[in-house]
Undergrad: 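First the structure, which I've put down as structure tokens, then a few questions once you've had a look.
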Amino acid sequence: MHLCRISLVSIAALSHAAQAQSTPSAVRGVDPQWAAKYVANSKGTFVCLDGSAEIPFGRVNDDYCDCPDGSDEPGTSACNNGSFYCQNHGHIPARIPSLRVNDGVCDPQCCDGSDEWGTGLCADVCEDVGRQHRQKTDAQRGAETRGARRRAELAEEAQGMRLGKEREWAEKTEALKRVEAELAAAETEKLALEESQRAVAESRRESQRQALYDEHLPELIALRRHVSAELHRWRAHRGSLVLLLRSVRASHNPEFNDQAVAQAISAYAEFVDTHSDAESAALAHANEAAADRHERERLIDEGGSKQDDVDYEACRKALDSLESERRAVEDDVSTLVALLDELRAGYNKNYHDLAVKAAVGGLGELELVREKDLAELATLAENVGIDGVRMRAAEAQSKIAAVLSDSAGDGDGESAQEADGDGESAQEAGGESLDQQVADARTLFWDLQSEKNTLSSAVSNLRELLDKDLGPGDIYLPLSGKCFSLDAGEYTYEVCLLDRATQISNKDKSRQSLGSFSGFGELSATAKDYAVHKYLQGTKCWNGPHRSLTASFTCAEEIAVLAVTEPEKCEYHARMTGPFACPVDDQDTGLEQDQGQAQEQKAKSIPPMTDAAEGQTTEAAARHDEL
Amino acid sequence: MKLNNSLRTRTSTLFYLAATASLLAKVGQAVNHANFKTCEQSAFARRHRLFADTMAKKVAEPNSKNTKSSSSSSADGSTHPASSPYSVIDSSVHLDGHTVTASVQHEQAQVPLHFEIAFLKSGTVRVRVQEVDPLVPRYSEAHKHILRDEGSSLPYASPDDIKMATEAVNGLVTHTVSYVNGSSAFSVRMTENPWTLEYLVNGKPTMQLNTSGLFHFEHLRQKPADGDLDNVDGGWEETFKNWTDHKRRGPESFGLDINFYGFEHVYGIPEHTSPLSLKDTRGGGEGAYDQPYRIYNLDVFNYQLDSPMAIYGSLPFMLAHNAEATVGVFWVNSSETWVDVTRKLNRGGFKQQSVVNTHWFSESGTMDVFLLPGPSTADVYRQYSEISEQTPMPREFALGYHQCRWNYEDQEDVLAVSAKFHEHSIPYDVIWLDVEYTVGKRYFTWDYDKFPNPLGMQQELARNGHKLVTISDPHIMVDNDYRIWKEGNENGYFIKNIGGLGNYEASCWPGVSSWVDFLDPAASKWMGAQYGLDKFPESTTDMFVWNDMNEPAVFDGPEHTMDKALIQHGGWEHRDVHNLYGMTQQRSTFEGLLAREPVAMRPFLLSRSFYAGSQRYGAIWTGDNTASWGYLRASIPMLLSNNIAGMHFSGADVGGFFGNPDPELLTRWFQLGAWYPFFRGHAHFNTERREPWIFGEPYVSYIRNAIRERYRLLPHWYTLFREASLTGMPLIRPMWMEFPAEPDLFAEQDTFMVGSSIMVAAITKPDTSIPVDVLFPGEEPWYDMHTHVAYPAQLTTQFVVDLANTLVFARGGSIIPTREQQRQSSAYMKSDPFTLYVYVDQAGFAAGKLYIDDGETYDYQSGAFIERELTFLGSKLISRASPLTKNTSAHQTFVQKMSGINVERVAVVGLAIAHNVAEAVVVENGTTRTVNVSHSHSSKIVATDTVSNNSPCIVICNPAVFIGGDWEISF
């Protein structure tokens, strides 16, 4: 579109310049604006336009290039950097590169055939070409006028739409605020009700647990006492064993160098290292009068400390700790017995080491004590019915655990309600149940939440749309998201404005994304080209880039996809038309006119051959259309 | 054009997609070696190499050697003391006219072989070996397709000039056949027991046959009965990957050692990516290959650099060169062939000479080898031209720039690209269409969705002086609604299955296809006729042809080509004629194009595959290269090797087919490509656009300058083609060819000559800050063609070359014609005046040629040309008609047509005369006039804007002498 527009403007500028110019030069191919230079000066010479050389005037257009800037050969092809001016009476004058002079081609730019003066191949067809051109220009202007009108309509529609949308945004923003406030209140209410519901459930669980505690505490106490009794006996054994070994270590005769003894001593040393308080405890134990001790232990076993047996949890704790200690002490005892057992089997009976013999003897005595203790404990257990007690205590434990795990589902209304289903505490006085109240509060909350979300997304979508670059005068506002398509045989191409582009197989209707709208084209770092739309990051090509589509619009009343090509793999180009690519009506304010002026200026400053080249492109494009 | 993939083959079958998906996945990776045979995987090649190893072992263990020693077969003991099992049968040697005949047989296999050794007029010796009484005929028609006039009228020497003498020393019988031709004395010395043959030029041994004892000829035999142990390894059957090759005739290969005595360098036997000077192929030395050079046309996906692997085309012509002589070998056979190269270098050794040993082995057919004695390069090419037709005058536009891409999308795209060239004032001649213009790869059809008006498109291009090329491959889609397939099928024009029944069908671009059997004259004619204006819808005489995939490429065949056991015309197996396939397609197309107009116009066609003889039909290119500096660099030895072998009109895809060149690489490639005989830019569909303007300034200006330089020098290029067509001399030449006695140049390949007067030092590496060394050879000064700075000979100079510049030098003593006026295509330069650049040598002398004809018809054959010999001496330039100019009526008509086409400028560079010449005197048609002379000069006369006056340059302005007339200009 821009190419087209620029060239139109530049041709107009050229035409304007030609009209303003004085008489054409007598020298072939000279642009009228330089005509004055192409007259022999007083010395009979010609000075190259860039001033670099001076040659006899007769060497102008002698088909030999003298001037570095090519200016001495305006009418021949001798200079590669020169240009030739066609007057094109009846049409628009043109400049073409020298390389096209006398090359045997009737250049469309030079409809007067003057560029082929040497070959004589080309007739002057400017009258026809000019008429056609004017017709075409008129037709184009007509189309542009209609397009501009449609554009103006769109702009007006856009303006109305923006007002409407802004109003809608304001209303919805207001509504959103209201809903948000209601939502906050509903949430507070909901939380409070949920808290009450949680508290009720909690207290119910508490009473269940307490009942279980009360019911099962006696079993626990019985168990605790029994374990305590076991522990005291094993502690005594351990003390005795330690003392035996301590005395071996202290009193054996090293002279005998008995391996079994040395081994026992070193193993004992290792034991003491890991049980630093074993010896002191044993000594204390030994020093206490046996009767005192037994009495103390009995009291402990039967009554325990007050704290231990006062409630279920304390008792449980004490029991756990006692069992753990009993296991440890039992382990120690079997370690030390094994140690002494080995000594007994291995020591040299021929050596008369008293300490050793005492220990061996002591071990024998202790074995007797152990048998006695075990018998006592068995009796005790039988009396209490310890196996049954143990079983009941375990059952109680899992019941309690079940109650506790119920509390983990706390806050989950449904499960709480289910649990309450037949609970006697579920029904509150005053008609509506607490659970029903919670359910109602929740429903209200969620309804408001959803309303808020709807409003919020509507508000932000509106804002996003309104804050988006919608082109000058919001021209794209009425069109955003509208889809246009072209059936190109194998595929249908669909472009949804400012939204997405898609390739649809006509065979199986499968769709490939050609990209989502990413922005407009760029004229410069700051200026956008609103006639170019870019759609990026479509489906990735196998072994290639993501598909993309660039849509370029030219002015027309209707929006349409004219052609889609794929000049590079997976990079699609769509030629489209639309009124938003039309010039803005004259009555519009200065912006567009400024652009026009800038282009006119550009046309003047570019080198002579550039506009001819552009003219050519336009012509070529025009011919393609005809093909 | 492209590799074996086709996402875009929209009509392709699922099967086909599945078959190629794995290949497609490898885009950008190296060649898959597993798809192509190594020497060890080709049974006959394996057998010949093993035989060579056995013979080498015999040499190493002299005690076990046959008592019939051949160790003294050469007068100065130069041969290898190997012993061949082949000997001449007693009293069977006869001289009969120009031919010596002999019967030879293996010491064990008593199967006589018939030897013919014949002298041609120029001294070439032809050696032919055939079984006396083969069980079934062996293929012996390759020469009909390869040699001049089907080999039917070779100019044999007069029997009167040939003498044979026989002597017996210590029981060793030697026959010496002498032939004197002018100043050269040629002789062939043949020993009987064992059989060896040595070619002596002026008494000096050059080429030696069977002196390493590697001659081996597998006679045809009965297939061993079932259960018999077959003692010929892979003789009746061999398997490669999933393919088993059943050989109905059994083992039938043959091999021969040809040793170049006194040489260190051999060249030619394209098409490979090896360096110009061929490497050793038996491992060992640094960089040596462990595989022989393979001659077997294949579509090699992502071919690899620096490799002896076979690729698309081949031409079994080899040169050996040393400081005294150049000799050549031409191996005429069309089956799979391998060549091992090894060297024995004896630099500075007493009496011992360097030898290049070559070992040639072919799978089937008969032996037919030409020994070209030189001794100068020009002599070798004269001898080569005597047996093989040389490059004809091309259509002139074909020398311009060609713009191609897989694919220009549609008609609009084509015209828009064309318009862009005009917009940027970049000349070009031809725009190309790859396979996508067709309906589902059915050649000779148009996809009217994309090309609604092909005729209008061609007319629009033609109006602007441009031509169109469309692709047409040899595979024909199997589709009963497709006229071409239907006609081909009905007439039996397709290659047949193994056993000869039914069309061979396999996969290529269109999916299931059959292949035209171009060996069948009727099929060839029928296919050629499809290019007729009445047959190819909406074609015009401005449309030309591209034959691709004609190795032939078969997506699901062994080594991506045809099964060797398929049956072709005459009942021959594809194995016998494989290497002819591409060339016979070219011939069919050429003849079809020739016949499409009432007055024959020179055809233009491009082919990917080629063989000996292809040079007659058109241009070739080096196939699917890659956008990297390595491929840019490798293109030079590849094209030089093609030129050495006579395949002159060849080029490489400028910019690289695969991948995206960066602006520097693209610019350098255009700057190099402007010096390729065939100059085309091409790109894969997966690449980004890279037409000359894509990267913007400054690159577009650099590229424009490179292309314009090509166009300026079109008169020079056209004159070079004239020379090539007459003498067989390469268009682009290795440095040694112009400076044959400078051993430093024997392996040079970054610098090359365009004709005899222009030296191009290619920039083959990135980074413009890295200096390039140029050695200026010879004795005369060289002139930078852009700046006119002179460089003395025998000096190595360092250049830092920015991207705007190139290193191109004119050789002192030459005159180079140009056309300085720029146009949009070569068509529009026809009436433009000429400029003559005179680059003087130290003696102030220069000479050159200019050849002009109408650039399109065959009228030049009846004299319609202008050929001028230009000489400059002292301060006078003289133009005279060449001796070939005959004053026929066709000549007069042409001269009349050219009247008014003048010399607009003569630039004399390097003439060290201080006097201030202001005028020159022109003498033409008996009248005398004076013209201006200028000393400083503007940018007008050079391609780039940088002009220095370091060398004196006298410009005679507008002498306006007729280009076709006699005249003198002096000052």
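All of these numbers come straight from a predicted model, not from anything done at the bench. Chain A is the first sequence line, chain B the second, and so forth, proteins listed ahead of strands; every chain is numbered from 1.
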Undergrad: Pick one of side chain, backbone, both or neither for A:Cys541, based on which atoms fall under 4.5 Å of a heavy atom in chain B.
TA: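 Contact with chain B is absent: no heavy atom of A:Cys541 under 4.5 Å.
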
Undergrad: Any side-chain donor paired with an acceptor under 3.5 Å for B:Asn958 and A:Asp63?
TA: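 There is no such pair (donor and acceptor under 3.5 Å, judged by atom type) between the side chains of B:Asn958 and A:Asp63.
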
Undergrad: Given the options A:Gly489, A:Pro567, A:Ser98, which has more heavy-atom pairs under 4.5 Å with chain B than any of the others?
TA: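 Top count of heavy-atom pairs under 4.5 Å with chain B: A:Pro567.
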
Undergrad: Can you tell which of B:Tyr408, B:Phe658, B:Trp406 makes a ring pair (Phe, Tyr, Trp, His ring centres under 6.0 Å) with B:Phe685?
TA: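 Output: one option passes, namely B:Trp406.
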
Undergrad: Can you tell me if the gamma sulfurs of A:Cys67 and A:Cys79 fall under 2.5 Å?
TA: no

Undergrad: Using heavy-atom distances under 4.5 Å, tell me whether A:Ser52 contacts chain B through its side chain, its backbone, both, or neither.
TA: neither

Undergrad: Please name all residues satisfying side-chain contact (heavy atoms from CB on, under 4.5 Å) with B:Ser826, sequence neighbours left out, ordered by chain then number.
TA: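 Per chain and number, B:Ser826 pairs via side-chain contact (heavy atoms from CB on, under 4.5 Å) with B:Phe397, B:Asp429, B:Tyr711, B:Leu714.
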
Undergrad: Please classify the contact between B:Asp410 and chain A as side chain, backbone, both or neither, with a heavy-atom cut-off of under 4.5 Å.
TA: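 B:Asp410 touches chain A through side-chain heavy atoms alone.
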
Undergrad: Is it the side chain or the backbone of B:Ser825 that comes within 4.5 Å of chain A heavy atoms, both, or neither?
TA: neither

Undergrad: With sequence neighbours excluded, what pairs up with A:Arg59 under the salt bridge (charged side-chain N to carboxylate O under 4.0 Å, His left out) test?
TA: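 Salt bridge (charged side-chain N to carboxylate O under 4.0 Å, His left out) list for A:Arg59, sorted by chain: A:Asp66.
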
